[in-house]
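Each ligand, and each atom within it, is numbered from 1 in the order the structure gives.
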Amino acid sequence: MESVKSRNNVVVSYLIAGGLIILVMIIFGILMLLSQGGVLDLQPAAFYQILTIHGTGMVGASAFAAAGIMAYFLSKYVDLSKNVLMTNLVFFLIGVVMVIIGVFSFEYASSWTFLYPLPQLSANAWGTIGALLYLFGMLILGVGFLLFYLDAGRAIIKNYGSLAKGLGWDVISGKKAEADAPSSTVVASTMVVIINVTALTVGAAVLIMNAINVINPAFTVDPLLAKNLTYAFGHIFANSIIYMGVIAVYEVLQQYTKRTWAVNKVFLIAWTMSTVFTLLIYTHHLLMDSVMPTWMLIMGQALSHANGLPVLVVTAYGALMIVYKSGIKWDVGSGLIFMSMFGWVAGVVPAIVDATIVVNQVMHNTKWVPGHFHMYMALGACAMIFGFMYYLAKQDSSIKTNAADKFAFVGYAVSIAALSGSFLVSGVLSTPRRWATHIPEWMGPALFGGVIGVLAFISVAIFVIHFIRFIRIRSKTVPGTYKKEQLA
Ligand code: HEM
Ligand SMILES: [Cu+2]
């Protein structure tokens, strides 16, 4: 029991760190939009620093919080090392500080994709120190995550025999009955272990290549190779957030409806397919690179269409089925979690449109792209994270939600849908993405997004305040209804 409580302490730290960083990053998002909208005068250099910190911070913080979700539920089935969880926390915080100093004190601004040779070749916009702080900060952060996934993989192999069994391949092949299939949490965690160990290893390699190039520009790398490695890392890692978040969808809906989420062959095959596709389709980021082998680009397009779909379909369908006529009592937590399915579905549609080569050639560098991923990330992945925060608070304390929390739920849904919509409209107007300055014809949607972003900020602030209230009372209340032994 004591160990469950102290493990939950670490999970709470993951979520509060993630939640607070997301909140601050929203401010930077609003500043960018107000500047693009023509009402705030940001120097272009400042804009690109803010863009860099916003992208890095949002992806890093939501991945970190989502790892907290995975750790929390996966611990019901396997034994994760608490030391590794702590190490990841410490590495994350060190990495964040290094990245912040690199960006704001040393003016580093390559955007979170640090595409080679940009870290070194900045036309003196930033120097060696800024670039190295950023690259090594990312490396430390990445190593922390890598340890976390390696430990999760170790624990899964220990209990289930192999990662293949964690994905339920012995059930797919008929050697084992569906009734004995691993739980949805174990299947999802195994998938994330596989894709993120790959992503983080590739990411570490390309970060080190960049760092050497910054220190000694005579050392060069084939830029096309570097781009492949960079996007293999960035695409997979950013995608993994939703596959960790979805664990909360499975677990929370099962508990609230008192039903089990049936893990059948279709479910298992869907997860295996999404595992393979997620690893392969980063090539949709290279559709404009005509020097890439054509077969890779065609594969990138074809599989992008299919990428998340298998998991999305079984999960959205499963969520509807488990809730249907279950008599579920809705609250802010389960509401956010259920809503995240809509955000996910809604975000994937414009992504599929964009992954079509003919459309991509017109749309790829427009704000259409942030349009789809803000929907998918903010209304999908982040809603899972905030929903889990409400769930955890309810499990581990006697805290009650109030009118403000309900307001925040609606405010968040409305503001993020409107914000993402404003990005999509900008895309249709051919507004380029990542441009500090907009011509007057492009300013309207940006300004609208900046204003509606304030509502998103207020809503997330309420989510975070609720969680802080929970942290303050949880030390005084009985340890939660969550007991490891209950679930064995
Ligand atoms: C609700 C508040 C948010 C606002 C107002 C906001 C605003 C923005 C803006 C203005 C940009 C730059 C668009 C451009 O290319 O011109 C941007 C980019 C980005 N945002 Fe957000 N955002 C928000 C939430 C999020 C969330 C929740 C995530 C992820 C979990 C996220 C991840 C990103 C990423 C990865 C980029 C790309 C950075 C790059 O191009 O290098 N944002 N956001
Ligand atoms: Cu991608």
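The heavy atom nearest to atom 16 (O) of ligand 1, considering only Arg433, Gln36, Met375, is found in Gln36. Around atom 35 (C) of ligand 1, the closest heavy atom drawn from Phe373, Trp435, Phe423 belongs to Phe373. Between the choices Val451, Ile26, Leu51, the shortest heavy-atom distance to atom 12 (C) of ligand 1 belongs to Leu51.
In terms of modelled atom types and a separation under 3.5 Å, the side chain of Gln36 and the main chain of Trp435 share a donor-acceptor contact.
Side-chain contact, Tyr282 with Asn239: no donor N or O sits under 3.5 Å from an acceptor N or O. Counted by atom type alone, Tyr134 and Thr52 present zero donor-acceptor pairs between their side chains at under 3.5 Å. When only modelled atom types and interatomic distance are considered, Tyr250 and Thr315 share a side-chain donor-acceptor pair under 3.5 Å.
Residue-ligand proximity, Leu33 to ligand 1, at heavy-atom distances under 4.0 Å covers atoms 5 (C), 10 (C). Applying the 4.0 Å criterion to heavy atoms of Ile416 picks out, from ligand 1, the atoms 1 (C). Per-residue contacts place Ala456 under 4.0 angstrom from the following atoms of ligand 1 (heavy atoms of the residue considered): 1 (C). Near Met377, meaning under 4.0 Å from any of its heavy atoms, are these atoms of ligand 1: 29 (C), 30 (C). Atoms of ligand 1 found under 4.0 Å from any heavy atom of Ser62, numbered from 1 in the order shown, are 30 (C).
Nearest to atom 26 (C) of ligand 1 among the protein's heavy atoms is Met58 SD, 3.6 Å. Of all protein heavy atoms, the one closest to atom 4 (C) of ligand 1 is Leu419 CD2, 3.7 Å. Scanning all protein heavy atoms for the shortest distance to atom 11 (C) of ligand 1 gives Met32 CE, 3.6 Å. Shortest contact from atom 7 (C) of ligand 1 to any protein heavy atom: Gly29 CA, 3.5 Å. Among protein heavy atoms, atom 41 (O) of ligand 1 sits closest to Ser111 OG, 3.0 Å.
Between Ser340 and Val249, some side-chain heavy-atom pair lies under the 4.5 Å cut-off. Taking 4.5 Å as the limit, every side-chain heavy atom of Phe91 sits out of range of all side-chain heavy atoms of Leu141. The shortest distance between side-chain heavy atoms of Met384 and Trp344 falls below 4.5 Å.
Within His374, NE2 is the N, O or S atom that lies nearest to atom 21 (Fe) of ligand 1. Within His235, the N, O or S atom at minimum distance from the Cu ion (ligand 2) carries the name ND1. When atom 21 (Fe) of ligand 1 is compared with the N/O/S atoms of His54, atom NE2 turns out nearest. Nearest N/O/S atom of His285 with respect to the Cu ion (ligand 2) is recorded as NE2.
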> Given Tyr390 and Phe470, is the ring-ring contact (aromatic ring centres under 6.0 Å, His included) satisfied, shown in steps?
Replying inline: CA-CA 9 Å; Tyr390 276 91; Phe470 151 65; over 10 Å; no

>> I'd like to know whether Ile16 forms a side-chain contact (heavy atoms from CB on, under 4.5 Å) with Val464, so could you lay out the CA-CA distance, the side-chain angles of the two residues, the decisive distance to 0.1 Å, and finally the verdict.
In response: CA-CA 7 Å; Ile16 193 63; Val464 172; 4.2 Å; yes

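Heavy-atom neighbours of Asp222 CG from other residues, nucleotides or ligands within 6.0 Å: above the threshold of 12.
Looking at Arg434 against ligand 1, both its backbone and its side chain come within 4.0 Å, counting heavy atoms. Within the 4.0 Å heavy-atom criterion, neither part of Ile241 lies near ligand 1.
Relative ring orientation between Phe145 and Phe64 is described as perpendicular, the plane-to-plane angle rising above 60° on a 0-90° scale split at 30° and 60°.
Residue-ligand proximity: Val460 is placed with every non-hydrogen atom at 4.0 Å or more from ligand 1.
Remark: aromatic rings of Phe388 and Phe73 are close, center separation under 6.0 Å.
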